[in-house]
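Here's the structure we're looking at; comments come further down.
The figures here come from the full heavy-atom set of this structure, side chains too, leaving out hydrogens, waters and symmetry mates. FYI, the numbering just counts along the sequence from 1.
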Amino acid sequence: MLTDRFDHALAYASRIHRDQTRKGTAIPYISHLMGTAAIALENGADEDQAIAALLHDAVEDQGGADRLIDVRARFGERVAKIVEHCTDTDVVPKPAWRERKEAYIASLAHKPVASLEVSLADKTHNAGAIVADLAIHGDALWSRFTGGRDGSLWYYRDLVTAFRNLIGGAGTERFARLVDEMRRAAAK
C-alpha cells in the first residue's frame, strides 16, 4: 500500500516540474511522471520505487546535484539512489545526446534491479507516447527529439536488448512490444 510519503512525493514532483511540458506539446510534464509511476506500480514496484518514478527526472531537469540532495533529505537514501541511477546527467549544459545515451545504456549493467525497474517504467511510458504521437503527427514527430528518427530508434532498440538481458519479464516484454510498434510506425 502507498502511504503519505507517496502523496508528498506526488505534490513535490508537481511543484518542481510545474512549468515544464512534454517535448513539443502543451501537456503538463507531471503526466509523464504519473504515467511512469503507474507503470512501475503495475509492474510490481514498491513505494520507494513508485516515489522514485515520480522523481526520476528531478535531477536531470530540475536542479542537478542540489536537487538530489533535497530528494535524499525528503525521501531517503534508497529513493535518492534510484533517482540517481535513472539520471543520465546532472551536468549543465548536458553532454552530447549520443554520448549521453551510450553511457546510460552501458551503465545499466551496473545498476540494481530496483533502479532498472523504474528506468523500464520511464522508457515504457515514453515509448507509448511516441507510438501515440506517431499516429497523429507522423514523421514530423521526430523533430522533437535530439536524436531524430534514427537515433531514437537506435536508442529504444538497444534499451530493449539491455532490459531483456538484465531483468526480463512481462514489463520488459510490454516495453519491447511498444518499441516494435514504434519501429513499424516509423517505417510507414
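Cluster annotation: Leu10 and Ile27 are assigned to distinct hydrophobic clusters (Ile/Leu/Val/Met/Phe/Trp/Tyr, side-chain heavy-atom contacts under 4.5 Å, transitive). Residues Val59 and Leu116 fall into different hydrophobic clusters, defined by Ile, Leu, Val, Met, Phe, Trp and Tyr side chains chained together at heavy-atom separations under 4.5 Å. Leu55 and Leu2 fall within a single hydrophobic cluster, where Ile, Leu, Val, Met, Phe, Trp and Tyr are joined by side-chain heavy atoms under 4.5 Å apart, directly or via other members. Hydrophobic clustering (side-chain heavy atoms under 4.5 Å, transitive across Ile, Leu, Val, Met, Phe, Trp, Tyr) keeps Val118 apart from Leu178. The hydrophobic cluster containing Ile39 does not contain Leu159, counting ILVMFWY residues as joined when their side-chain heavy atoms lie under 4.5 angstrom apart, directly or transitively.
Distance CG/Leu166 to OG1/Thr172: 9.0 Å, rounded to 0.5 Å. The CG atom of Leu54 sits 13.0 Å away from the NE2 atom of His8 when rounded to the nearest 0.5 Å. Taken from NZ in Lys123 to OG1 in Thr36, the straight-line distance is 9.0 Å, to the nearest 0.5 Å. A distance of 5.5 Å separates CZ in Arg78 from CD in Gln49, rounded to the nearest 0.5 Å. Ile130 CD1 to Leu134 CG: the interatomic distance, rounded to the nearest 0.5 Å, is 7.5 Å. From Tyr155, atom OH reaches atom CH2 of Trp97 across 7.5 Å, with rounding to the nearest 0.5 Å.
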Arg98 vs Trp154, side chain to side chain contact (heavy atoms under 4.5 Å, CB included): CA-CA, chis, key distance, verdict: CA-CA 10 Å; Arg98 181 77 183 216; Trp154 157 79; 3.4 Å; yes
Verify side chain to side chain contact (heavy atoms under 4.5 Å, CB included) between Gln62 and Asp57, making sure each step is shown before the conclusion. CA-CA 7 Å; Gln62 299 298 327; Asp57 280 333; over 6 Å; no
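Between the side chains of Lys111 and Ser107, at least one donor-acceptor pair of N or O atoms lies under 3.5 Å.
Checking side-chain atoms of Thr124 against main-chain N and O of Leu120 turns up a donor-acceptor pair under 3.5 Å.
Taking the six-membered ring where tryptophan is involved, the planes of Phe175 and Phe163 are perpendicular, since the angle between them exceeds 60° and thus also 30°.
Contact of the Met1 side chain with the Glu47 side chain is not registered, since no non-hydrogen atoms from C-beta on lie closer than 4.5 Å.
The residues Arg5 and Asp48 are annotated as salt-bridged, a charged nitrogen and a carboxylate oxygen being separated by less than 4.0 angstrom. Arg177 has no carboxylate O lying under 4.0 Å from a charged side-chain N of Asp180, or vice versa, which leaves the two without a salt bridge.
Under the rule for a ring-ring contact (aromatic ring centres under 6.0 Å, His included), the partners of Tyr29 that lie at least two apart in sequence or sit in another chain are His17, His32.
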Please set out all donor-acceptor pairs under 3.5 angstrom arising from side-chain atoms of residues 82-96, sequence neighbours excluded.
| residue | atom | partner | partner atom | Å |
| --- | --- | --- | --- | --- |
| Glu84 | OE1 | Lys81 | NZ | 3.2 |
| His85 | ND1 | Lys81 | O | 3.2 |
| His85 | ND1 | Ser115 | OG | 2.7 |
| Thr87 | OG1 | Val83 | O | 2.8 |
| Asp88 | OD1 | Arg100 | NE | 3.3 |
| Asp88 | OD2 | Arg100 | NE | 3.3 |
| Asp88 | OD2 | Lys101 | NZ | 2.8 |
| Thr89 | OG1 | Val91 | N | 3.1 |

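Screening residues 135-150 for salt bridge (Lys or Arg N to Asp or Glu O under 4.0 Å), with sequence neighbours left out, gives Asp133-Arg144.
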